[in-house]
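Residue numbering restarts at 1 for every chain, and letters A, B, ... go by the order of the sequence lines.
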Number of protein chains: 2
Amino acid sequence: MAATQLQTFKAQFFRALAHPVRIKILEILIGGDRSVQELQASLGLEQPVVSQQLSVLRNQGIVTSQKFGLSVRYALRDPAIEELLDVARRIFNNHLVGTGVMLRELRREARRG
Amino acid sequence: MAATQLQTFKAQFFRALAHPVRIKILEILIGGDRSVQELQASLGLEQPVVSQQLSVLRNQGIVTSQKFGLSVRYALRDPAIEELLDVARRIFNNHLVGTGVMLRELRREARRG
DNA sequence: TTGCTATATACATATATTCATATAATCACT
DNA sequence: AGTGATTATATGAATATATGTATATAGCAA
């Protein structure tokens, strides 16, 4: 049996996560909803870059957006996204860690929960 | 703070999952290790295609390979991969499902466990 | 060595993503 | 209507990924 429509859909979902800036955005949003401005400040990136990456996450239904006056606040659509990133971190932690830098970063993350 | 090395690494990991054939391969490997031949038969794809996708998974340390005579058997390096796919499925199930076809496929998967 | 099988890699081309920059749209306020 | 602030989209060049086909490598058997 070849790959189905569902597998294609799952692949698209994972592709939406396949970018360092988008990962970082999700990690920030785990702490609660944020405006584009706030995200931009946390990320230290140009505004269009942030909006572009947000649109990728929005198109896959991973985040939701809501207007409040001038600003737009983004949030995780599903708290299970945090769980997903946790499982991913466990996998890295178990096996995939090569360099000392990354190992240190991982441990810092783990301590923060 | 911009994206770190660790976030880049995570992004690469998710990119390795971002392909329907690779998703399908992982789902097969959840059932136990398989030779390239067996995978090829299950997938109904040309041999080079299967090897190419396996090499992506291998390079990210998601699967391991071991030679037995002529054949090479592949396996999940970490059982938590199954957990990761489960969480992903829960996320789809909660929110991301549009068409009836996919919903039916999802439910079939859920029933199988 | 030769031949056969299983697997991996190389290569070319098509397609998709990224990144930076420019521009547009939306809203609030005067 | 006009202005400033916030966010979104368009565009093009650079880069990366996917796909299909050809070829290479490795092991086994005769």
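Shown here are the salt bridge (charged side-chain N to carboxylate O under 4.0 Å, His left out) partners of R73(A), two or more places apart in sequence or in another chain: D33(A), E38(A). For Q53(B), the side chain to side chain donor-acceptor pair (under 3.5 Å) partners two or more places apart in sequence, or in a different chain, are R22(B). Take Q52(A) and apply the side-chain contact (heavy atoms from CB on, under 4.5 Å) test, not counting sequence neighbours, and it matches no residue. Remark: L70(B) engages no residue in a side-chain contact (heavy atoms from CB on, under 4.5 Å) (not counting sequence neighbours). Residues that satisfy the side-chain contact (heavy atoms from CB on, under 4.5 Å) test with E46(B), not counting sequence neighbours, are P48(B), V49(B). R15(A) pairs by the side-chain contact (heavy atoms from CB on, under 4.5 Å) definition with Q12(A), A18(B), not counting sequence neighbours. Applying the side chain to side chain donor-acceptor pair (under 3.5 Å) test to E83(A) and every residue at least two apart in sequence or in another chain returns R90(B).
A heavy atom lying under 4.0 Å from DNA chain D marks the following residues of residues 32-40 of chain A, by number: S35(A), V36(A), Q37(A).
Using a 4.0 Å heavy-atom criterion, one finds that R73(A) contacts no nucleic acid atom at all. S51(A) comes within 4.0 angstrom of a nucleotide base, judged by non-hydrogen atoms across all strands.
Ion pairing between a basic and an acidic side chain is recognised when a charged N comes within 4.0 Å of a carboxylate O; E27(B) and R89(B) show no such pairing.
Side-chain atoms of R34(A) and I28(A), non-hydrogen and from C-beta on, do get closer than 4.5 Å to each other. Put simply, the side chain of I62(A) does not reach to within 4.5 Å of the side chain of I91(B), judged on heavy atoms. Looking at I25(A) and L29(A), their side chains come closer than 4.5 Å, going by heavy atoms from C-beta outward.
Residue pairs meeting the salt bridge (Lys or Arg N to Asp or Glu O under 4.0 Å) criterion with at least one member in residues 50-65 of chain B, sequence neighbours excluded, do not occur.
When DNA chain C is scanned 5' to 3' for any atom under 4.0 Å from a heavy atom of chain B, the first and last hits are dT5(C) to dA10(C).
Between Q47(A) atom CD and dT9(D) atom C1' there is a gap of 10 Å when expressed in whole angstrom units.
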Can you check nucleotides 10-19 of chain D for protein contacts, nitrogen or oxygen pairs under 3.5 Å, and list what you find?
residue	atom	partner	partner atom	Å
dA10(D)	N6	Q52(A)	NE2	2.8
dT17(D)	OP1	R15(B)	NE	2.7
dT17(D)	OP1	R15(B)	NH2	3.1
dA18(D)	OP1	R22(B)	NH2	3.4
dT19(D)	OP2	H19(B)	NE2	2.7

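In this structure, Y74(A) does not reach the dT6(D) phosphate: none of its side-chain N or O atoms is under 4.0 Å from OP1 or OP2.
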Using a 4.0 Å cut-off on protein heavy atoms (strictly under), produce a 5'-to-3' string for nucleotides 24-30 of chain D with B for base contact, S for backbone-only sugar-phosphate contact, and - for none. --BBS--
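Using a 30° and 60° split on the angle between ring planes, F13(B) and F92(A) fall in the perpendicular class, above 60°.
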